[in-house]
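Here, residue 1 is the first one in the sequence, and each next residue gets the next number. Values in this document were obtained by computation on a predicted structure and should not be read as measured data. Whatever order the structure lists them in is the order used to number ligands and atoms, beginning at 1.
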Amino acid sequence: MFHKSVYMGRRARLKKELGSGIALFPGNVDAAFNYGSNTYSFRQDSNFLYYFGLDHAGFSGVIDVNNDKDIIFGNDVDMDDIIWMGPQPFVSDMAAEVGIENTAPYAQLTSFIKSALKSGQKVHFLPPYRGETIIELAALLDISVSEVKAKASVELIKAVVKQREIKDEHEVAEIEKAMFTAYMMHTTSMKMAQPGMVEQDIAGTIEGIALALGGPVSFPVILSVDGQTLHNHDHHNILKEGRMMVTDAGAETSMHYASDITRTVPVGGKFNTRQAEIYQIVLDANTEVIKASKPGVPYRDMHFLASRVIVNGLKNLGLMKGDTEAAVQAGAHTLFLPHGLGHMMGLDVHDMEGLGEDYVGYNDTIKRSDQFGTAYLRLGKELKPGFVVTDEPGIYFIPALIDQFKAEGKFKDFVNYDKVETYKDFGGIRIEDDLLITEDGCRVLGKPIPKTIGEVEKTMAEPREWIKREGFI
Ligand code: GLY
């Protein structure tokens with residue numbers, strides 16, 4: 001947990017931003033796995049964590065702007081809890097650690113909210129994403145479950161985004177810790193990408209690294225030689241030479257700040273010519289974005305910068321043709337890059353996505369595109385110092401998409417379909433770093449994870465001793 005002054009400062013700023021009303025932040029409760037008392041690992045709500053810091057199930061926080069008062073609603077443990085969970089601090093002691101003097105038993109939240117509503121005060125809340133929270137909000141606010149999401153407060157959403165999108169030095173330090181875990185996960189994955197290994201061996205090992213270093217993973221591990229499937233959570237393939245393996249994985253710190261990194265490596269550790277050619281284009285797109293990202297630059301422009309690098313590279317290989325700018329305008333690059341360049345990252349791996357992507361990634365002047373592929377860009381607006389964003393270009397050969405575009409005669413002036421047909425067995429390549437936008441540019445966060453062809457080959461030439469010992473290779 002940060003020092004209490006951090007949380008007090010955040011709440012004070014939110015009060016100033018909102019001006020009036022009551023902001024209600026329901027914390028998360030334990031979620032059942034396969035029956036009530038067998039639960040998933042507890043994950044606190046990120047907005048609750050941001051303003052109240054308490055990583056504990058069954059609390060709700062209130063920021064009463066009208067009365068300049070912050071309250072934690074929660075119950076002290078009883079003897080049954082102590083028997084099963086051990087002694088726990090009192091709610092009032094936990095609240096004091098985040099600078100809150102006012103606490104109350106959970107049951108009093110209902111009367112507090114109902115009396116606020118009765119006296120005509122506005123109760124602001126954020127869009128809920130869990131069934132339990134939706135039901136609770138419906139009961140507290142006396143509305144139907146189906147009305148809850150639509151009644152979320154746009155003023156509160158905008159105020160929270162304005163605060164959370166700028167990461168302070170404490171948050172960046174936490175993200176750097178998550179980056180160290182990602183370094184360990186990805187270098188291990190590279191070293192294990194040897195012929196004969198099963199993807200699951202590697203996916204399980206790197207998830208274990210995240211847990212061992214404070215984890216959990218910040219999203220389910222994406223790891224596959226079928227990297228043309230963007231979010232491939234199927235890990236059954238046996239690795240064979242000639243294939244590229246995508247690992248897209250990151251971890252949370254114990255305070256829940258995330259990392260999100262992708263590396264793609266040749267099984268066996270040596271790039272063949274075709275792999276090196278495509279890899280270098282993706283790497284160039286990733287590094288050109290690093291060179292150009294700075295405050296004031298719309299990330300949408302960075303997306304199109306990466307797209308132009310990809311089109312130029314594919315033209316050099318004879319896979320595309322025609323005028324680069326016209327190809328990107330038409331959206332021809334989306335055959336190979338059907339997703340956005342990146343997203344914000346922080347307490348959530350897709351930071352604040354639950355508040356609504358358009359509130360987080362766009363604004364009054366920069367609106368989301370409706371073009372296929374580009375519409376998936378989660379962050380289009382101008383960068384500011386303190387933003388943490390992912391830079392994750394890729395090139396994918398998706399047989400079904402190639403067949404569809406070709407059958408529809410799409411982008412015939414820009415795509416050499418005959419040549420593209422010969423890459424249908426290639427898979428995909430994605431390279432992803434996490435960038436902190438600084439006053440005059442950006443900084444790649446974390447200990448550098450091997451990325452150039454030379455660095456990847458060197459790392460993969462040093463398989464971990466235990467892999468050999470265990471007889472995997
Ligand atoms: N790296 C996974 C994602 O951005 O969804």
Side-chain angles (χ1 to χ4, degrees), residues 43 46 129 164-165 167 175 178-179 181-186 188-190 199 202-203 206-207 209-210 215-235 244-253 256-265 282-283 285-286 289-290 293 299-300 302-303 306 334 337-358 360-362 368 373-381 387-396 398 427-436 444-446 449 451:
R43 176 55 158 87
S46 297
Y129 52 91
R164 279 185 58 188
E165 69 183 8
K167 275 67 185 178
I175 293 171
M179 296 301 306
T181 309
Y183 172 89
M184 297 301 293
M185 293 165 77
H186 281 275
T188 302
S189 181
M190 283 178 193
E199 291 164 347
I202 310 174
I206 66 173
E207 181 151 357
I209 291 173
V217 287
S218 48
F219 57 95
V221 170
I222 296 163
L223 186 149
S224 184
V225 291
D226 285 326
Q228 74 282 4
T229 300
L230 304 183
H231 279 184
N232 202 333
H233 299 300
D234 187 309
H235 307 306
M244 300 287 293
M245 186 185 84
V246 172
T247 305
D248 182 347
E252 290 192 350
T253 62
H256 302 292
Y257 282 87
S259 54
D260 181 3
I261 293 290
T262 307
R263 290 293 184 264
T264 307
V265 301
V282 180
L283 183 59
N286 165 280
V289 168
I290 293 169
S293 291
Y299 212 50
R300 182 189 57 190
M302 297 296 92
H303 173 83
T334 65
L337 174 63
H339 66 71
L341 178 65
H343 51 83
M344 294 223 191
M345 196 189 71
L347 269 170
D348 305 302
V349 68
H350 289 182
D351 210 24
M352 302 174 279
E353 192 166 290
L355 303 185
E357 259 181 33
D358 285 352
V360 177
Y362 293 88
R368 184 187 288 270
T374 313
Y376 291 128
L377 178 62
R378 300 179 199 278
L379 174 63
K381 71 187 184 186
F387 277 20
V388 173
V389 303
T390 66
D391 165 20
E392 49 181 312
I395 294 179
Y396 312 89
I398 304 170
I429 292 178
R430 178 161 67 253
I431 302 174
E432 175 179 18
D433 289 316
D434 301 332
L435 314 180
L436 169 69
V444 181
L445 289 171
I449 300 172
K451 191 165 74 164

* To do: Just jot down the ligand 1 atoms closer than 4.0 angstrom to any heavy atom of E432, in number order.
  => 1 (N)

* Asked: Which atoms of ligand 1 have any heavy atom of E392 under 4.0 Å away?
  -> 4 (O)

* Distance-only N or O hit between ligand 1 and H231, under 3.5 Å ->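 H231 vs ligand 1: N/O contact under 3.5 Å present.
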
* To do: Indicate yes or no: does an N/O atom of D248 lie under 3.5 Å from an N/O atom of ligand 1?
  =>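 N/O-N/O distance below 3.5 Å exists for this pair.
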
* Can you list the residues that meet the side chain to side chain contact (heavy atoms under 4.5 Å, CB included) rule with V217, with sequence neighbours excluded? -> M185, E207, A210, V221

* Asked: Applying the side-chain hydrogen bond (donor to acceptor under 3.5 Å, both in side chains) test to R378, which of H339, E357, H343 qualifies?
  -> E357

* Asked: So which heavy atom on L223 is nearest to which on S189, and how close?
  -> CD1-OG, 3.8 Å

* Taking the side chain as every heavy atom from C-beta outward, state whether T229 and S224 have any pair of such atoms under 4.5 Å apart. =>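 In short, these two side chains do not touch, never coming nearer than 4.5 Å.
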
* Among side-chain atoms of T390 and D260, is any donor-acceptor pair under 3.5 angstrom? -> no

* Asked: How far is atom 3 (C) of ligand 1 from its nearest protein heavy atom, and which residue and atom is that?
  -> H350 NE2, 3.1 Å

